[in-house]
Number of protein chains: 2
Amino acid sequence: MTKIKNMEEFAALSGISRPTVSKYFHDPDSVRPTTRARIEEALERFDYRPNIYAVNQNRKLTKNIGIVVPYLADPFFAEIARYLEQSCIAAGYRPFLFSSHGEQKLENDILDGLQSMKPAGVLLAPLGRISDRAAIEKFCADVPTVLFDSNLDGLGAAFVGSDNFSFVSQTVEYMTRTGEPPSFFEMRTPANPNANRRRKAYVAVMERLGFEPHIIKVDGKGWAFEEIGHRGAMKVLEERGLKTDSVLCSNDRLAIGFLAACFELGIRVGRTDECTLRVASNDDHPFAKFTCPSLTTAAHDYDNVAGRSVETLFELIENEGKLNSRTETLFPARLVLRDSA
Amino acid sequence: MTKIKNMEEFAALSGISRPTVSKYFHDPDSVRPTTRARIEEALERFDYRPNIYAVNQNRKLTKNIGIVVPYLADPFFAEIARYLEQSCIAAGYRPFLFSSHGEQKLENDILDGLQSMKPAGVLLAPLGRISDRAAIEKFCADVPTVLFDSNLDGLGAAFVGSDNFSFVSQTVEYMTRTGEPPSFFEMRTPANPNANRRRKAYVAVMERLGFEPHIIKVDGKGWAFEEIGHRGAMKVLEERGLKTDSVLCSNDRLAIGFLAACFELGIRVGRTDECTLRVASNDDHPFAKFTCPSLTTAAHDYDNVAGRSVETLFELIENEGKLNSRTETLFPARLVLRDSA
DNA sequence: TCTATGTCTTAACGCGCGTAAAGTTTTTAT
DNA sequence: ATAAAAACTTTACGCGCGTTAAGACATAGA
């Protein structure tokens, strides 16, 4: 097995001219079946692969796709990233995954580095409130970008995410239908714009149903939501600051902390008789099934959000970075009934 | 602000010759302070960055570092990846993160793609039992690689991980000291070699202490450990297959499932009087603090494992891919006492 | 001031591949 | 069978930068 240095050499060994071989690697269907067969035959014998740097230097558009999520230690994003990666690979692209780890500077650095990779496109789930709008806007002007999960008004060629109103209305209506209307438990200054939309949806739904909204805001910064939810819940529960016997958490990770606090304080959570509190939430986090009790929550339509995100990006790429208009696609939630409410 | 096309142009604008500018980007300290100042001054005015593809084509060694983990949806790996990424950036490298998502084919594909990136080095946490040994061996022959988290005998230039014996001996000794010696709860065919070492350590420690080991093996494949632990625990607990009032789970994710099952069955877990079962585990998963009850576990020395991994890789890179001999570094665990045992 | 050393400039080649033009061969259609 | 179309080969240039060699220049030490 000889080591092949470059395409010239491989072309010679396969008995095909280099430009034709080059054409083959760009699109195997663009050459005659007989020559394709000859190339692929040689390919098996010699195991040659074009130098990606030389290739990418000479193509104005690479086959790279950047995937950026705000916080990869959150399994929600890890899962969605997995789906996105696989979709990209299936479509013949090379996905590169980055996490902003909750930091603006890192998000900016990632976009910076991404730009010099000349990616065909980028799937970006921005940090949200703490994102550097100007930096992202500048990036989007140069690179075809689809925003997902959390929207930044007007940025990117399109946005694909979940319909926060659908989440909250389903959970609130369910809890109201089966018991007392819930209070809303959230962070005081949420990092994510979805959180704000959920609060607004909560207020709207409560008012529509003729109930007075109760919002419990807990302190805490960053992405350690479980910790924040736990600490906040301990405080609220110990101070008896809870006006209702049912609570809707803004998201599952806060709820995980909330439930842990309830457990520690001996508060029975659930919908059975011996329980004094019902807790529901939003997201259907991968771990929501294993909380104690298991968490009733509104599930993201993972598949559709991820699927539509990549579809939109591919469309964008084929249209050379321009879409007719910026679309915002929102998928509704699916209520998942478990034991906590 | 003019758009700069290439180094030639930037060199002209900065009043320095291109070769010198090239030298500067390779190592800013390799040029005279005055010229360095002139370049950096121009750099601020014109915002130019070398084309990474052209750069990487002409350097035999890039500044890229591959980070490969077996399953990114596990926050443990997400956390360690974060640390590794940051260390690489701090050292002036460009980390690229990949997850094998529990699949051998994907692991192989990732290594394949990585190889054509000509990375300076790779930090690889292999899938373990289902890894393609031959493929990894071939890869390691060409690319400076440090294995971490799970060891494959003889592969890679070095291994850095945790000392499974230390984990298990601490948890077993603690449980034995404070109550009944534990049974060991694990998957029948664990994906990870660490699991086998933990079982062996359990048996060894139990025998040393003069107790008979009890091993509970539950069925299940893949990386959905919580699910597997939950289902397995339900079965064991319902069938009253538990011989002891204390259980040591092979890892935290199994324990999360185990605790959920206990909760559902009304079994009180903990070390207080009204509890009938104690559960401990290994890893100190990011969520272990929020289980119900919170999980007593042996913590990885994250910082040291990650830190030593990158240190070793950098050393390896500086030695041009060769180390004197393959070292295996194991860091001991730290027992974290919480409420479950 | 002069020399030795270090740093810079100029000129030029190479990396591996994309791509275009012109000519040749093969395939398809009539 | 023949003409038209399609695919191929040859030749050659360009991409942006690494790198080298020769010579010009600047800096430091005496």
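All of these numbers come straight from a predicted model, not from anything done at the bench. Sequence lines set the chain letters: A, B, ... in the order given, protein chains first and strands last, and positions in each chain run from 1.
Note: CG (B:N56) to P (D:dG16) measures 16 Å, nearest angstrom. Across the protein-nucleic acid pair, B:N51 atom CG and C:dG16 atom C1' stand 14 Å apart, rounded to whole Å. Atom pair B:I4:CD1 and D:dC17:P shows a separation of 11 Å (rounding to whole Å applied). Atom CZ in A:R49 sits roughly 16 Å away from atom P in C:dG16 (whole-Å rounding). We find that CD1 of A:I52 is positioned 16 Å from C1' of C:dG18, with the value rounded to whole Å. Look at CG on B:N6: it is 12 Å from C1' on D:dG14, rounded to the nearest Å. Rounded to whole Å, atom P of D:dT19 lies 7 Å from atom CZ of B:R59. Put simply, CD on B:E8 is 17 Å from P on D:dT19, counting in whole angstrom units.
Listed nucleotides D:dC8, D:dG18, C:dC17 differ in distance to B:R18; the shortest reach to its side chain belongs to D:dG18. Considering only the side chain of A:T20, D:dT9 comes nearest among C:dG16, D:dT9, D:dG18. Distances from the side chain of A:P19 to the nucleotides D:dG18, D:dT11, D:dC8 place D:dT11 closest. Nearest to the side-chain atoms of A:S22 among the listed nucleotides C:dC17, D:dG16, C:dG18 stands C:dG18. Taking only side-chain atoms of B:N58, from C-beta outward, the nucleotide of C:dT9, C:dT27, C:dC15 with the closest atom is C:dC15. Side-chain proximity of B:S17 to the nucleotides C:dT10, D:dC17, D:dC15 is greatest for C:dT10. Residue B:V55 has its side chain nearest to D:dG18 when only D:dG18, D:dC8, C:dT10 are considered.
Between A:L43 and A:Y24 the shortest side-chain heavy-atom distance falls below 4.5 Å.
For A:Y24, no side-chain nitrogen or oxygen approaches OP1 or OP2 of C:dC17 to under 4.0 Å. An OP1 or OP2 oxygen of D:dC8 is reached within less than 4.0 angstrom by a side-chain nitrogen or oxygen of A:T35. Remark: A:K5 is in phosphate contact with C:dG16, judged by side-chain N or O atoms under 4.0 Å from OP1 or OP2.
Across B:F159 and B:F148, no two heavy atoms sit closer than the pair CE1-C, 3.7 Å.
Relative orientation of the B:F25 and B:F10 rings is tilted, given thresholds of 30° and 60° on the angle between their planes. The aromatic rings of A:Y93 and A:F314 lie parallel to each other, their planes meeting at an angle below 30°, with 60° marking the opposite boundary.
Along DNA chain D, the nucleotide nearest B:R32 and the nucleotide nearest B:K60 are compared for position; the residue whose nucleotide lies closer to the 5' end is B:K60. Closest-nucleotide positions on DNA chain C for B:A54 and B:T34 were compared, and the one nearer the 5' end corresponds to B:T34. Two residues, B:K118 and B:R36, neighbour DNA chain C, and the one matched to the more 5' nucleotide by heavy-atom proximity is B:R36.
Within a 6.0 Å radius of CG in B:D29, other residues, nucleotides and ligands contribute more than 12 heavy atoms.
A:F10 comes within 4.0 angstrom of nothing in the nucleic acid, heavy atoms only.
Ring-centre distance between B:H300 and B:F331: not below the 6.0 Å cut-off.
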